[in-house]
Amino acid sequence: MTPNDEQLQQLKQTVLHHLTAIYADTSPELSLPALCEDIINIMRLNQDYKESVSHRNNWDQNDVILITYGNSVKKEGEAPLKTLHRFLNKEVSGYINGVHILPFFPYCSDDGFAVMDYYEVNKALGDWDDIEAIANDYRLMADLVINHGSSSGTWFKNFIKGDGPGHDYFFTTLPSAPISQVVRPRTSPLLRETETHDGTQYVWCTFSHTQVDFDFRNPEVLKEFINIVRFYLDKGVHIFRLDAVAFLWKKIGTNCLNLPETHEVVRLMRSLIQHADPDAVIITETNIPNRENLSYFGNANEAHCIYNFSLPPLLVNTLVTCDCFYLKQWLMSMPPAQHGTAYFNFIASHDGIGLRPAEGLLSEAEIASLISTMQQFGGRISWREGENGVKKPYEINISLFDALQGTTSGKDEWNIDRFICAHAIMLALEGIPGIYIHSLLATSNDIDKLEQTEQNRSINRHEWDEDALMAELATPTSQHAQVSGLLKKLIHLRKQQRAFHPNATQFTLHLGEKLFGFWRQSMDRRQSIFCIYNVTDTEQPLRIANLNLVVTDRWWDLISGVILDGSSDVITVAPYQVLWITNG
């Protein structure tokens, strides 16, 4: 609808407030009212404006997102996006209602995260018709790679020429600039020496020299990305993943991480997107320590969702040590998400198991032991440059299925049970679950791809041939068929439980270090689910009295169907067994 005068004025005041906070330290010649008008016009909010409701939850227990590359499943002679769409409809329809297709744009490196053209689909994957077809059947999540662009893209080529679209989009500084405090996820030199029409320039590269950082001090960069957001909305994108957004704003003499201007850009994006599509969602991808990550919720006025980055390392550590102390300690410290915000829970992704989010939660000795165990299971370690150039472990690169093939004592026979237990924890926790396609398919380490690319992350980025995959899924004894079937059963159960709403109440249970547990209660308080997990490779006793079950209710385990009739005070919980004990 077209906004009335009052709505339009209120919108302008909101946008102007954000812009004032973002550009407070920039050129006084910048006209913020004119920039405000431009942004509103780019988003078409002066003609297509929708009312938004504060603290509204755009999700419920039915929301489960599959994370995949556009070519994770391929068929010779067919556009991979068409193959992926067929796979989704055949294998996950009815279980998964959202799909995160990792960057599907032309790129030069990092499997898509060095975008050459934000307005095109990589021809090797398909076209916009394929993307829109998937968006018609699933809630589509796409990456807004907002921190950096490709050194092979037109914008950077124009930067070198000194003319044309994008020629002034990139952040440069002097090689003598005080940059020792800058926090980075890589060990490569921060500045890339580049010969341009205007002489030698030193371009900021947070990640790699093929991924060149944008300069948001230039409002033209902000306008460009708002235009990209509007374009993606028109193409059916429903969920925006703001990639590496924590590094967005640079200020010489600081660590250039999580700066106030960065947070304000996210708030501006939310203000704009919620009036263009009130059902749309922003998710910030900030692979940083837990406290800093939580700050991206703002006051329910920033990201709708944040990646729960501490969960993967803590959960893997729990299951390989057979001890939930650190996981339980972390869970008790996590604040409930306000309405209008939610955690995005995941335990595997296209990246590795991040170690920065474990800082302050696991001891250095615990992290060293975890790294050693993962290396025994075929994992690799990626490094970052810490303060004063000190090299530190950044992430563990390994498929989750192989990461859970044993404990610190070595490999054992509990691989599948342990793997399902991990997902049963994630599916029941407060928040929206995201499942990596290679977890759904129990894909093992891809050593061949790792050796071919010499990139550690390739170990967990396998590309399945569709016929080979279908043959495996049709073989009941294969690890792929067993895991896929068990995960689908858990997802089916989750979707039916009001107590598993992403914002339903959650309390941590105290059952010792061998049994991990928490209590979920629906928002109307009618359903409770006590989620109990044996995180060890031996049987463990569970005293029913420790759960404080309401005696007037009828209780049963959702997974096994067994009714708790009061005939036993103690339940024996098998290794890695999962109990979802509910009253309705």
Side-chain angles (χ1 to χ4, degrees), residues 183-188 255 257 286-293 307-334 346-412 414-415 418-419 421-422 425-426 444-445 447 450 454-460 512-514 516 533 535-538 576:
V183 173
R184 297 185 56 226
R186 300 289 185 272
T187 57
S188 57
N255 66 3
L257 185 68
T286 49
N287 191 355
I288 51 180
N290 193 52
R291 182 178 294 274
E292 298 169 39
N293 189 33
Y307 272 74
N308 216 343
F309 272 108
S310 297
L311 179 59
L314 290 175
L315 183 51
V316 171
N317 182 73
T318 290
L319 291 168
V320 300
T321 62
C322 302
D323 188 325
C324 68
F325 173 80
Y326 294 102
L327 181 64
K328 184 170 64 173
Q329 190 175 54
W330 164 76
L331 192 65
M332 287 189 293
S333 72
M334 292 295 281
F346 74 107
I347 51 177
S349 74
H350 62 292
D351 289 339
I353 299 169
L355 294 175
R356 287 219 70 204
E359 292 176 11
L361 302 175
L362 293 177
S363 66
E364 289 191 10
E366 203 79 16
I367 291 174
S369 175
L370 177 62
I371 288 173
S372 175
T373 303
M374 294 300 99
Q375 288 176 318
Q376 291 177 43
F377 296 159
R380 302 293 193 272
I381 307 303
S382 292
W383 300 84
R384 69 179 180 91
E385 187 174 306
E387 293 181 10
N388 302 316
V390 176
K391 189 178 174 185
K392 293 186 175 182
Y394 178 66
E395 68 181 13
I396 301 167
N397 304 109
I398 191 170
S399 87
L400 186 63
F401 188 75
D402 282 2
L404 296 177
Q405 61 186 295
T407 67
T408 52
S409 299
K411 298 180 183 179
D412 58 30
W414 300 106
N415 196 172
R418 190 179 290 113
F419 189 74
C421 180
I425 291 173
M426 179 189 71
S444 295
N445 291 335
I447 301 301
L450 172 67
E454 297 183 343
Q455 299 292 322
N456 283 351
R457 287 177 168 178
S458 294
I459 199 171
N460 194 27
E513 269 67 66
K514 304 303 182 184
F516 178 61
Y533 308 87
V535 296
T536 78
D537 53 8
T538 58
Y576 305 106

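Any value given below was found using the heavy atoms of this structure, including those in side chains, with hydrogens, waters and symmetry copies removed.
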Measure the shortest side-chain to side-chain distance between [X] and [Y] over non-hydrogen atoms and say whether it is less than 4.5 angstrom.
X	Y	value
Y307	N287	no
N456	L450	yes
L319	C421	yes
L327	L311	yes
T321	V535	no

Atom of [X], atom of [Y] and distance for their closest heavy-atom approach:
X	Y	answer
I459	G378	CD1-O, 3.3 Å
L315	A422	CD2-O, 3.5 Å
S349	N460	O-ND2, 3.0 Å
A403	V320	O-CG1, 3.9 Å
T536	T538	OG1-O, 2.9 Å
I381	P393	CG2-CB, 4.0 Å

For [Y], does its backbone N or O pair with a side-chain atom of [X] as donor and acceptor, under 3.5 Å?
X	Y	value
R418	L404	yes
S333	W330	yes
D402	N445	yes
K411	F377	no
N397	S458	no
T373	S369	yes

| task | Please test L331 against F516 for side-chain contact (heavy atoms from CB on, under 4.5 Å), starting from the C-alpha separation and ending with a verdict. | result | CA-CA 11 Å; L331 192 65; F516 178 61; 3.7 Å; yes

For the [atom1] atom of [X] and the [atom2] atom of [Y], what is their distance to the nearest 0.5 Å?
X	Y	atom1	atom2	result
N317	C322	CG	SG	10.5 Å
M332	M334	CE	CE	13.0 Å
Q375	R380	CD	CZ	9.0 Å
E359	I288	CD	CD1	10.5 Å
F401	N415	CZ	CG	4.0 Å
S409	Q376	OG	CD	9.5 Å

| task | Evaluate the criterion side-chain contact (heavy atoms from CB on, under 4.5 Å) for residue pair T318 and D323; output intermediate values, then yes/no. | result | CA-CA 5 Å; T318 290; D323 188 325; over 6 Å; no

| N-O pairing of R384 and E395 below 4.0 Å |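 No, R384 and E395 are not salt-bridged.
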
| said: Before you tell me yes or no, could you show the steps for L355 and I371 under side-chain contact (heavy atoms from CB on, under 4.5 Å), namely the whole-Å CA-CA distance, both residues' side-chain angles and the distance that decides it to 0.1 Å? | reply: CA-CA 10 Å; L355 294 175; I371 288 173; 3.8 Å; yes

| Relative to each other, are the rings of Y576 and W414 parallel, tilted or perpendicular (30° and 60° limits)? |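 Plane angle between 30° and 60°, so tilted.
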
| task | Take I396 and L370 through the side-chain contact (heavy atoms from CB on, under 4.5 Å) test and state the conclusion after the steps. | result | CA-CA 9 Å; I396 301 167; L370 177 62; 4.0 Å; yes

